[in-house]
Chemist: 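Please find one structure pasted underneath; my questions will follow.
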Amino acid sequence: MTAPVIGVIGGSGLYDLEGLEGREEIRLDTPFGPPSDAFIAGTYLGVRLLFLPRHGRGHRLMPSELPFRANIWGMRKLGATHVISASAVGSMREDIHPGDVVVVDQFFDRTRDRPATFFGKGLVGHVGFADPVCPVLAGALYDGAVAAGGVRVHRGGTYICIEGPQFSTRAESRIFRQWGVDVIGMTNLPEARLAREAELCYATMALVTDYDCWHEEEEDVTVEAVIAVLMKNVAAAKRIIAETVPRVPGRRDCACPTALKNAVMTQRHLIPFETRRDLALFLDPYLGGQ
């Protein structure tokens, strides 16, 4: 059986991952510019693992500045088959408390002006995104979180992604709750969309830090309040990753690895050379080499 190669994208507070054997830093040039930072590669519990701090080490990049395409292209280039996203979020539900973990299964996009696809520049493609999270990887992540212990884990939920960097207004927070979302964050879109286009299995470990600003009995979200919970969440995230990695199957029986099979709409002879070259990593299995 083929072994998985697992990518981990670390969110706020998770800028490194200890325990990698044969650790090396890999810097890439991509058709979409430089990734957030160097990839940290090595063997983790017997599995090839690639770690990338989403905001860069030292937290240098705002959500709107993140090079999402470069990050996902880099993961695929380095051989990743699966990507686990660790992300700090606010809770939009009374029964999801700071310190809890949510393994989300849906997204709602409220971002703007973020490149959300690898397609364009003369090439049109459409991938299915009705179920934006890989069910197999999400299942492994949930089981890993339960096995890790020390936190309450919720399976399933909708993550609403806002542009940021400001937190929500009180009116926005109340309306989002009426829409039935479960957690709120700033980074998982277009990341999840691009992972689907790159035929990567993708799942999110949403680490709850606050109640946004809707809860009448709790303080409104602040950076200070988030950081106070964040450090505990980071420790939990590392335990969960350690429990999840051995549970990820090498065989991919989900739909993720064939997401592009019937996606390209543009007639082959009309695809510009530069565009075809930039996306050869994804499209050569379907279009053939140049």
Side-chain angles (χ1 to χ4, degrees), residues 2-63 65-89 101 134 137 140-141 144-145 148 185-188 190-192 194-195 198-207 227 230-250 252 256 281-282:
T2 302
V5 177
I6 300 175
V8 175
I9 300 179
S12 299
L14 184 55
Y15 308 121
D16 203 347
L17 190 64
E18 299 85 9
L20 282 170
E21 298 178 1
R23 179 187 177 105
E24 61 175 327
E25 293 195 6
I26 304 172
R27 294 194 177 273
L28 290 179
D29 292 322
T30 85
F32 307 97
S36 294
D37 208 315
F39 289 84
I40 302 170
T43 302
Y44 187 77
L45 301 176
V47 176
R48 176 74 171 171
L49 189 141
L50 306 165
F51 179 82
L52 181 69
R54 183 186 284 114
H55 298 276
R57 282 170 284 189
H59 208 110
R60 299 172 285 102
L61 298 170
M62 294 196 306
E65 297 175 324
L66 293 174
F68 292 104
R69 291 184 297 181
N71 290 349
I72 296 298
W73 191 96
M75 282 287 183
R76 176 67 189 269
K77 178 66 174 178
L78 294 176
T81 55
H82 301 72
V83 171
I84 296 171
S85 161
S87 303
V89 299
V101 171
C134 174
L137 183 57
L141 185 58
M186 301 180 188
T187 60
N188 273 204
E191 189 173 273
L194 295 164
E199 298 187 328
L200 297 171
C201 295
Y202 182 91
T204 292
M205 170 175 43
L207 303 155
I227 290 175
L230 201 56
M231 294 305 101
K232 295 180 181 178
N233 282 358
V234 167
K238 291 179 179 179
R239 295 198 310 272
I240 293 169
I241 291 167
E243 290 288 347
T244 300
V245 165
R247 289 176 163 80
V248 178
R252 296 209 286 167
C256 305
L281 180 65
F282 309 145

Chemist: Quick test of your reading of the model: are Arg27 and Asp37 salt-bridged, counting only N-O distances below 4.0 Å?
Modeler: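 Salt bridge between Arg27 and Asp37, a charged N being under 4.0 Å from a carboxylate O: yes.
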Chemist: If I take atom CG from residue Leu207 and atom CG from residue Asn233, how far apart are they, to the nearest 0.5 angstrom?
Modeler: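 So the gap between those two atoms works out to 5.0 Å.
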Chemist: Tell me every residue that passes ring pair (Phe, Tyr, Trp, His ring centres under 6.0 Å) with Phe39, counting only those two or more places apart in sequence or in another chain.
Modeler: none
Chemist: For the residue pair Ser87 and Asn188, what are the closest heavy atoms and their distance?
Modeler: OG-ND2, 2.7 Å
Chemist: Is a side-chain N or O of Thr204 found less than 3.5 angstrom from the main chain of Ala206, in a donor-acceptor match?
Modeler: no
Chemist: Look only at the side chain of Arg23 and the backbone of Glu18, and say whether a donor-acceptor pair between them is shorter than 3.5 Å.
Modeler: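 No, Arg23 side chain to Glu18 backbone: no donor-acceptor pair under 3.5 Å.
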Chemist: Once you round to the nearest 0.5 Å, how far does CE of Met205 lie from CD1 of Ile240?
Modeler: 5.5 Å
Chemist: Please name the pair of heavy atoms, one in Lys238 and one in Asp16, separated by the smallest distance, quoted to 0.1 Å.
Modeler: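 Closest pair (atom of Lys238, atom of Asp16, distance): CE-O, 3.8 Å.
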Chemist: If I take atom CD1 from residue Ile9 and atom CE from residue Met75, how far apart are they, to the nearest 0.5 angstrom?
Modeler: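 Going from CD1 on Ile9 over to CE on Met75, the span is 4.5 Å.
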Chemist: How long is the gap from CG on Leu52 to CD1 on Ile72, to the nearest 0.5 Å?
Modeler: 8.5 Å
Chemist: State the CZ-OH distance between Arg57 and Tyr15, to the nearest 0.5 angstrom.
Modeler: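 Reported to 0.5 Å precision, the distance equals 12.5 Å.
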Chemist: Would you mind checking if Glu199 and Arg252 are paired as a salt bridge, meaning a charged N to carboxylate O distance below 4.0 Å?
Modeler: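 No, Arg252 and Glu199 are not salt-bridged.
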Chemist: So which atom in Val89 and which in Gly185 form the shortest heavy-atom distance, rounded to 0.1 Å?
Modeler: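 For Val89 versus Gly185, the nearest heavy atoms are CG1-CA, 4.5 Å.
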Chemist: Tell me which pairs pass side-chain hydrogen bond (donor to acceptor under 3.5 Å, both in side chains) where either residue lies in residues 68-83, with sequence neighbours left out.
Modeler: Ser36-Asn71
Chemist: Please name the pair of heavy atoms, one in Ser12 and one in Val234, separated by the smallest distance, quoted to 0.1 Å.
Modeler: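 Shortest heavy-atom separation between Ser12 and Val234 comes out as O-CG2, 4.2 Å.
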Chemist: Mind listing the side-chain donor-acceptor pairs of residues 43-51 below 3.5 Å, one per line with the distance, residues two or more places apart or on another chain?
Modeler:
none

Chemist: How close do Leu61 and Pro67 get, heavy atom to heavy atom, and via which atoms?
Modeler: CD1-CD, 3.9 Å
Chemist: Do you know the tightest heavy-atom contact between Pro4 and Gly250?
Modeler: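 The answer is CD-CA, 3.6 Å.
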Chemist: Is it the case that atom CD in Glu24 sees more than 12 heavy atoms from other parts of the structure closer than 6.0 Å?
Modeler: yes
Chemist: Enter the distance from Met186:CE to Arg54:CZ here, rounded to the nearest 0.5 Å.
Modeler: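 It is 12.5 Å, given to the nearest 0.5 Å.
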